[in-house]
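Before any comments, here is the structure.
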Amino acid sequence: MKKLLTLLTLLPLTLLAHLNIAVSYPYIGALTKSIGGEHINTVVLAKGNWDPHFVIPRPSLITKVRNADALIMNGGQLEIGWLPPLINRAGNPRTSPRASSFLNLSHHIELINKPVDVDRKDGDIHPDGNPHFHLNPNNILLLAGVIKKFLISLDHEHQEVYEKNYASFLSSWSEKIKGWEQKMAAKKGMKVIQFHDNLAYFNQAYGLQNIGTIEPLPGIPPSSKHTFKIIELIKEQKPCCILHDVYHSTKTAEYISSKTGIKIVLMPHDINSLESIDDLGSLFDHLTEAVQ
Amino acid sequence: MKKLLLLALSGALVYGEVVGVIPANKRTFDQSQYIPDISVVLDASYVNRNKTNDELQHLELPGVAHALLGSHEHDGANHATYNADQGFNLNYAELVFSSNVDPFLTMDAILHFSKNGVEVEEAYFTSTALGHGLRARAGKLLSNFGYLNAQHHHYWDFGDMPLVYEAFLGSHGINELGAQIQWTAPTPIYMMAGFEVLQGENEQMFGNATIGDIEDPIAKGKDAPSLFVGYAKTSFDLGDTTFFGGLSYAQGSSRIDHSDDEESPHAFTGDSKLYGADLVILHAFDSYSSLKWQSEWLSREMKGTQYSDATLSTSSAMKKQQSGLYTQLIYTHDQNWKFGARYEAICHNDVKVNGVNTNKPRDFRKYSAMIEYHTSEFARFRLQYNRNDSLYNEDGFKQTIDTIMLQANISIGAHGAHSF
């Protein structure tokens, strides 16, 4: 009987020992898990193979936010179309944007391509700048540090574990960065075309030069007029390839390719966006391999 | 003299600096950073029907509702449904404000500007800090009864309200003053329960005002709030398919006053119950393409006394049991194109007067199809065709109404994302 009682009192404690952290995208989940280790559970809201701008706010996601102890999001308005109604419906003060258990990663990164003018005639632009910052592997290091501090602030008790995990992540990731830099060194200055400028930070890291996008304006689907412009641009400037995301249809890219002979390279943006990509390392392995 | 000039000059310089240089965000009482999210949604349509406006106003669903389509005068005010007139219609210019109030509350106000004036569609505050999955809201609000009721018109997949909603509750559904509490359960699958206490002033079904002269009323009023709504909803995913279902119940007093109507004045007093069941199944093919099947079934029971004839002196016991449904399939092809079809029916219409069934018709049907084109997330154009096979004229003959409608729904400004 006594044993049962102690067991019962211990049960909630063991449940508490695991921090339940909801994160918007798979890359945040993987990063948080590598710092948090066994002391946290991560619940990823968006699927890696779909457009991060458009996530269906399924009611099942409300439940995930409602039951979370903390929430980490990308920010920079990437989640503006789907996360606010989930937070609003969940009724969970721990995942409210003003809570200390809420982390907006974009507040810790210098965003690039911040528009001077914000006007919807220029398409669906992000007023705070390009939010796809995790595709520069150097930013992953910064984010790991931010997440480490965040986890320590939530759970002092395991500070040492988080510091240790962070240190080992730091050394292994820095090694990887060196490898990718070597691999990409020869590609500096290479011209590329994209569908949407979601590789801006990857290009920044390795000196690739984006000369045009298949969509005429951010969030506006391809038009024939703009497609012909891109074809002319390709003939004139001879970029190496079209770096294409995995969630838009490659139909227009294939048409452009048939007219110009340009290569189409599928570029994953997150974990699970292609079947072979199951962690952060393999994401950048693939990206740096694909452009060779 | 020189010194004086210098002093004046330096004084002018200092003064000039104070006036001109302080940036806007450092001005002491500047509040421009606190502007709430503001958006304007315009909804306008071009309508072509095979019946004139005048003909339309006199058509009814016998025993269920009258003056369903078109616009009509009531209590000196003009009541128009959406897309009421032949030709061009401005359904509304909707002005939406929303913002955090403080760390504990948010506030939203949704105002409809139309030729009927300004209507407060919604104006409410919502709690953000209750915790335990609880959310409270009060003010004027759209009830969360069923699935469609809580959604704004600009978010619907068709330009008109489903027949069963419009016939039972009017073109705004359950849109009342009141308070709402909702609780999301700490379960691994989504479970939500909600309860609402509402004023109860729906003109089609509920009401609490005294009918007739206050000194010598035909029917005494009831104290508000007099409408109570409860519901439970659940949802789960199987792969890329989301299932979302709910059961709803509303109960309230009814005081329906048509004593001033020119043709056959009447009034009803009693108690009413409304039951609802809804099911939405959404399968997403990818980020932009999906198939959504949405259906709702509504059933009501109204029990009380009906007053008829010119002086409302004849009273009889009346019991109405009516139910209907709509079911619609929407295919979203990509970010530009959407296609949809809808079938509606009111198939149960028992109206008993003094215990005797009046054998009202029960063959009310409506069919719709639509094609939608989006230039972006913020602008959509919809071509809709309706065949309304539900309305009867005053001689008891069924009429078929064909409607072609071209609708534009345009929004500007900062408008919050919609929930599922």
Side-chain angles (χ1 to χ4, degrees), chain A residues 20 43 46-47 49-68 77 79-99 118-124 127 215-223 245-249 251 273, chain B residues 98 100 102-104 106 126-136 181-192 233-238 240-246 280 282 284 286-290 292 334-337 374-379 411-414 416-420:
Chain A
N20 209 1
V43 182
K47 287 181 65 171
N49 57 339
W50 286 8
D51 189 338
H53 303 82
F54 297 96
V55 175
I56 299 165
R58 303 167 192 276
S60 60
L61 303 182
I62 297 172
T63 293
K64 288 176 177 167
V65 176
R66 188 241 182 266
N67 296 335
Q77 299 218 343
E79 290 101 339
I80 197 158
W82 61 276
L83 192 55
L86 300 180
I87 293 173
N88 171 305
R89 282 257 166 206
N92 181 357
R94 286 163 303 184
T95 57
S96 140
R98 67 185 165 76
V118 177
D119 190 328
R120 288 204 179 122
K121 77 171 166 27
D122 303 324
D124 216 350
E215 55 176 14
L217 292 167
I220 305 291
S223 65
D245 60 63
V246 300
Y247 43 83
H248 282 106
S249 158
K251 213 173 75 188
S273 58
Chain B
S98 70
N100 289 322
D102 60 18
F104 315 103
T106 61
T126 308
S127 72
T128 57
L130 287 182
H132 311 287
L134 286 168
R135 192 185 80 171
I181 181 103
Q182 295 187 340
W183 178 63
T184 308
T187 45
I189 68 161
Y190 177 76
M191 307 256 249
M192 191 272 269
K233 298 169 199 281
T234 185
S235 174
F236 58 89
D237 302 330
L238 287 178
D240 291 326
T241 309
T242 295
F243 296 79
F244 182 67
V280 177
L282 180 128
D286 57 39
S287 296
Y288 317 107
S289 176
S290 63
K292 186 179 187 183
D334 56 20
Q335 284 168 292
N336 291 134
W337 292 100
H374 298 228
T375 57
S376 71
E377 283 178 73
F378 308 102
S411 65
I412 53 171
H418 292 106
S419 51
F420 187 81

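A quick note: this is a predicted structure, and the numbers were derived from the prediction, not measured. Excluded from the calculations below are hydrogen atoms, water molecules and symmetry mates; all remaining heavy atoms, backbone and side chain alike, are included.
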| Partners passing salt bridge (Lys or Arg N to Asp or Glu O under 4.0 Å) against B:Lys233 (at least two apart in sequence or in another chain) | none
| Contact origin within A:Pro221 toward chain B - heavy atom pairs under 4.5 Å | side chain
| message | Using a 4.5 angstrom heavy-atom cutoff, name the option from B:Gly133, B:Ser127, B:Gly131 with the most pairs to chain A. | response | B:Gly133
| Which of B:Ala284, B:Pro103, B:Pro188, B:Ser290 touches chain A most, by non-hydrogen pairs under 4.5 Å | B:Pro103
| Does any heavy atom of chain B fall under 4.5 Å from the side chain of A:Asp51, the backbone, both, or neither of them? | both
| What residue, out of B:Thr128, B:Thr375, B:Ile189, has the most heavy-atom pairs lying under 4.5 Å from chain A? | B:Ile189
| query | So, do A:Phe54 and B:Gln335 sit near enough that their side-chain heavy atoms are less than 4.5 Å apart? | reply | yes
| request: Check whether any side-chain N or O of A:Asn67 sits under 3.5 Å from a backbone N or O of B:Thr187 as a donor-acceptor pair, and report yes or no. | output: yes
| query | Is chain B contacted by the side chain of A:Asp124, its backbone, both, or neither, given a heavy-atom distance below 4.5 Å? | reply | side chain
| field | Which atoms of A:His53 approach chain B - backbone, side chain, both or neither, heavy atom under 4.5 Å | value | neither
| query | Looking at CG of A:Leu61 and OG of B:Ser419, how far apart are the two atoms once the value is rounded to the nearest 0.5 Å? | reply | 12.0 Å
| query | What's the shortest heavy-atom distance between B:Ala129 and A:Arg98, and which atoms? | reply | CB-NH2, 3.6 Å
| query | Do A:Arg58 side-chain atoms and B:Asp237 backbone N/O form a donor-acceptor pair below 3.5 Å? | reply | no
| Rounded distance (nearest 0.5 Å) linking atom NZ of A:Lys64 with atom OH of B:Tyr190 | 14.5 Å
| message | So which atom in A:Thr63 and which in B:Met191 form the shortest heavy-atom distance, rounded to 0.1 Å? | response | OG1-N, 4.5 Å
| query | What pairs with B:Arg135 under salt bridge (Lys or Arg N to Asp or Glu O under 4.0 Å), at least two apart in sequence or on another chain? | reply | none
| request: For A:Gly81 and B:Ala417, work out which heavy atoms get closest and say how close. | output: O-CB, 3.3 Å
| remark: The interface call for A:Ile220 against chain B, heavy-atom contacts under 4.5 Å, is side chain
| Contacting moiety of A:Arg89, where chain B heavy atoms sit under 4.5 Å | both
